[in-house]
Structure formats: structure tokens, C-alpha cells
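Every chain is numbered from 1 and lettered A, B, ... according to where its sequence line falls, protein lines coming before strand lines.
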There are 2 protein chains.
Amino acid sequence: MVRQPSINAQHRAPLSTERIIEAALRIVDGQGLGRLTMRRLGDSLEVEAMAIYHHLPRGKEQLLDGLVAHVASAPADDAPSRRWQDVLRGWAADYRGRLMAHAGVLPLVVTRRNPAALTATVASLREVMRRGGVAEDAAAVAAHALLSYVIGHTALEVRGTGEDGADRAVDWDARFQAGLDLLLTGVR
Amino acid sequence: MVRQPSINAQHRAPLSTERIIEAALRIVDGQGLGRLTMRRLGDSLEVEAMAIYHHLPRGKEQLLDGLVAHVASAPADDAPSRRWQDVLRGWAADYRGRLMAHAGVLPLVVTRRNPAALTATVASLREVMRRGGVAEDAAAVAAHALLSYVIGHTALEVRGTGEDGADRAVDWDARFQAGLDLLLTGVR
DNA sequence: ACCTGAACACCGTTCAAGT
DNA sequence: ACCTGAACACCGTTCAAGT
């Protein structure tokens, strides 16, 4: 008889860092960070948990770093035709949406020691302002303040921190925009 | 023979929620959030881990909520003699110091569903501005933006996200102040 | 090279029992 | 009322082994 490859291994996309991160993100988004487990992650990839270590030798640490990199690294794309204020407003809206869509990784974004992702993002903001004619120092300050604001706002929004008294609900979209304007109008 | 109380139980301060939270904070500050364990916490209180459940029936969830409440609930104290801008500047400096001193709980502050602590804080900021003559809506927006900025900034600072290029180090104090001014000068 | 299976040292939490 | 001890179901990770 001709040898048959095992059914399990057949036509199964081979494991890759990319696929692992995506599966992990799916678990975090769907069930929360607390349920992201090496064993559960293995299950969802139809593989034993230990197979993951072949692709991520540093284990769960590396997995979490990968999630941060995947979510938090989103530089502004500078279109020369638009005013820098509008470019930053567009970026801020996108970034907020991104963080809200993956709220489970927010605690990781906030404390993982993974400079690369956020540093690239903050650098892109600074560059947008520089090209728009903002002075070096002011651009550096505003870039940091802007990213800080967006991250902090998302943290408050995701927790629903904001009843004005007890009954009046918060219009998060409006509040986000208003706070953003507060910041941007100060920049020269 | 007269009965002797057991040596272990003698002259030992009885367990209390307060003492448990403080011990937990000591572990988080000294060793990091990842090393906060019910068993280790028990050890540091010279008690079996399971004794903690008598005071915190909801277990570790309740413990983490307690840490957030302890660290994140720090309203501004309004001194009528000072300008509201200076009151907020003082509060911001304190709050930043507080979060930096307990950086390990930052991920909890950012995502735990515990409105009370942050809501009280944001309400106090709004009140300071209201009494300073800022309009209702503007005060609500600015209060949220201010807390968002301070939390976000601390998150970036604690991670050291900010090399301007590769070599130039960031003066976090100066940057924090400058970003704060950016925000406050926009408020009327 | 890539994955598995068994094993180890640890978790959070329950439950019955002690005082 | 307050704490203990044993137990349970789960973790992350190692290591030798399979193909």
C-alpha cells in the first residue's frame, strides 16, 4: 500500500509567527487577555501548545510583545496635500479605533517594555508636524502629548469612566474630538 | 497547665483588607505585578493564602480592584486662594508621581472595570474648573482630557518610549510640563 | 526542521475541618 | 469569626523523543 501522510498534518498551513499572533489576537479580542493561554492558543491552531515554542523561543513573553507590536505600531501616513492638523486628526481617529477594537491588549501596550512600536508611531507624528513647519521642540512635545492623550482617552473610554454625575451618558466621539482640538490648537 | 495561645497567632496584627492591599502593593512595587500571587501574598502576611479569601471573598479580582482604588483615586484638593490652573498643575504633578511610584498597577488602572476611583478623580478636576469660572461643557471636556493625558504620559514615560532618533535622551519632567501647558492654555 | 507527550513547579480557588 | 490543609483543575515551560 502507498503510504498516506497523516490526516492531521495534511493540507494544514504550517505554523508561522504571523499566524500565531493573529490567532492570539482573535482569542484576546473574543475572550479577553486573561483567557489567552499557550494551550488554548495551541488548540485554536490545531497544534500542541509546545509547538508554539519552536516559533517563539521566548514563549509567552514574546507572544505578548508580538501583540503589542501588531496593535500599537501604526504611524501616521503623511499626505503632503493636507494640512498637518488634518493628518493628525485622521491618525488620531484611526489609532483610537484600533485601540478600541483590541482593547484587551491595552494593558500590554501600556507597560510592556517594547519601545519600537510606540517610538515609531510617535516619530511619525513629530515628522508630520516638522514638515508642516512646526519647530523641532514644539513638535516633539506635541507628538508625545498627542499619543499620550489618545492612549489615555481610550483607557478611560474602554472602562466607561465618565458619568457626569450619575445619569448623563457621555458622548465619547464628541469628547474625543473636543479634547483633541484642545491639544492641537495649542500647537504653533 | 494554663493554656497558651499558639505562638504563631500571638501578638500578630489580625488580617484586614487594608493590610492585605498594602502588602500586595509592596509586592507589586518591589517585584512587579507578575509576581503578585495569592500564596506569596499570604507568605508576606505570615498567613496561609486561603486566609485572604475570608477578607476578600471575590479573591484575586477583588484584590486587583482594591489596588486600583488605592492608587488611582486621588482627587484634586481645591484651595480657593489659588488659580485653578495652578491647582490642576499641582494635581497633575502629584498624580504623575503617584502612578510612577506604582507603575506596576498601571495596566490595572487602564483596563479594570472599576469606575469609582477614576470617576471621582475626573469629577474633582471638573469641579475645580467650574469654580474657576470655566463653562460646564468645556470643564467636562478638559477634565477628561487632562486625566487622559496624565495617564497616557505616564504609560509612555514608564516604558521609556521617546528617544528622539536614537541617542538624545528625553527630559521627562520638561516634556510633561510642556504637554500640560499645551492642554491648559486651550481651556477658557 | 517541526511537532508531540510526559513531566515539573507553580497557579487560583473549593471545601471540609480545626480553634 | 478566622484560619488551615488537602485537593482540583489549570498554568508556562523543559526536555527527550518522534517524524
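Electrostatic pairing of Glu157(A) and Arg175(A) does not count as a salt bridge here, judged by no charged N lying under 4.0 Å from a carboxylate O. With respect to Asp94(A) and Arg89(A), no salt bridge is recorded, no charged nitrogen being found less than 4.0 Å from a carboxylate O. A salt bridge is absent between Lys60(A) and Asp65(A); no separation between the charged side-chain nitrogens and carboxylate oxygens falls under 4.0 Å.
Two residues are said to be in side-chain contact when any heavy atoms from C-beta on lie closer than 4.5 Å; Leu41(A) and Ile20(A) meet this criterion.
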Using a cutoff of under 3.5 Å, can you pull out all pairs of nitrogen or oxygen atoms linking the protein to nucleotides 10-14 of chain C, with atom names and distances?
| from | atom 1 | to | atom 2 | distance (Å) |
| --- | --- | --- | --- | --- |
| dC11(C) | OP1 | Arg40(B) | NH2 | 3.0 |
| dC11(C) | O5' | Thr37(B) | OG1 | 3.3 |
| dC11(C) | N4 | Arg39(B) | NH2 | 3.4 |
| dG12(C) | OP1 | Met38(B) | N | 3.4 |
| dG12(C) | OP1 | Lys60(B) | NZ | 2.8 |
| dG12(C) | OP2 | Met38(B) | N | 2.9 |
| dG12(C) | N7 | Arg39(B) | NH2 | 2.5 |
| dG12(C) | O6 | Arg39(B) | NH2 | 2.5 |
| dT13(C) | OP2 | Tyr53(B) | OH | 2.8 |
| dT13(C) | OP2 | Lys60(B) | N | 2.9 |
| dT13(C) | O5' | Tyr53(B) | OH | 3.4 |

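Taking the six-membered ring where the residue is Trp, the centroids of Tyr149(B) and Phe176(B) are separated by under 6.0 Å.
The backbone N or O of Thr121(A) sits nowhere less than 3.5 Å from a side-chain atom of Trp91(A) that would complete a donor-acceptor pair.
Between Ala72(B) and Leu118(B), the closest heavy-atom pair is CB-CD2, 3.9 Å. Considering every non-hydrogen atom in both Ile27(B) and Ser44(B), the closest pair reads CD1-OG, 4.1 Å.
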Walk me through it: do Glu61(A) and Arg112(A) pass the test salt bridge (Lys or Arg N to Asp or Glu O under 4.0 Å)? CA-CA 9 Å; Glu61(A) 290 292 301; Arg112(A) 288 259 118 197; 3.2 Å; yes
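Counting to the nearest Å, the P atom of dG18(D) and the CD atom of Glu48(A) are 16 Å from each other. Here dT4(D) presents its P atom at 9 Å from CG of Leu15(B), a figure rounded to the nearest Å. Look at CD on Glu46(A): it is 13 Å from P on dC3(C), rounded to the nearest Å.
Residues of residues 20-33 of chain A that place a heavy atom closer than 4.0 Å to DNA chain D do not occur.
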With Watson-Crick and G-U wobble geometry limited to distances under 3.5 Å, how should the secondary structure of DNA chain D be encoded in dot-bracket form, using | for bases paired to another strand and [ ] for crossing pairs? ||.|||||...|||||.||
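Remark: Gln85(A) CD to Met129(A) CE distance equals 10.0 Å, nearest 0.5 Å.
Considering only side-chain N and O atoms, His54(B) lies nowhere under 4.0 angstrom from the phosphate OP1 or OP2 of dT4(D).
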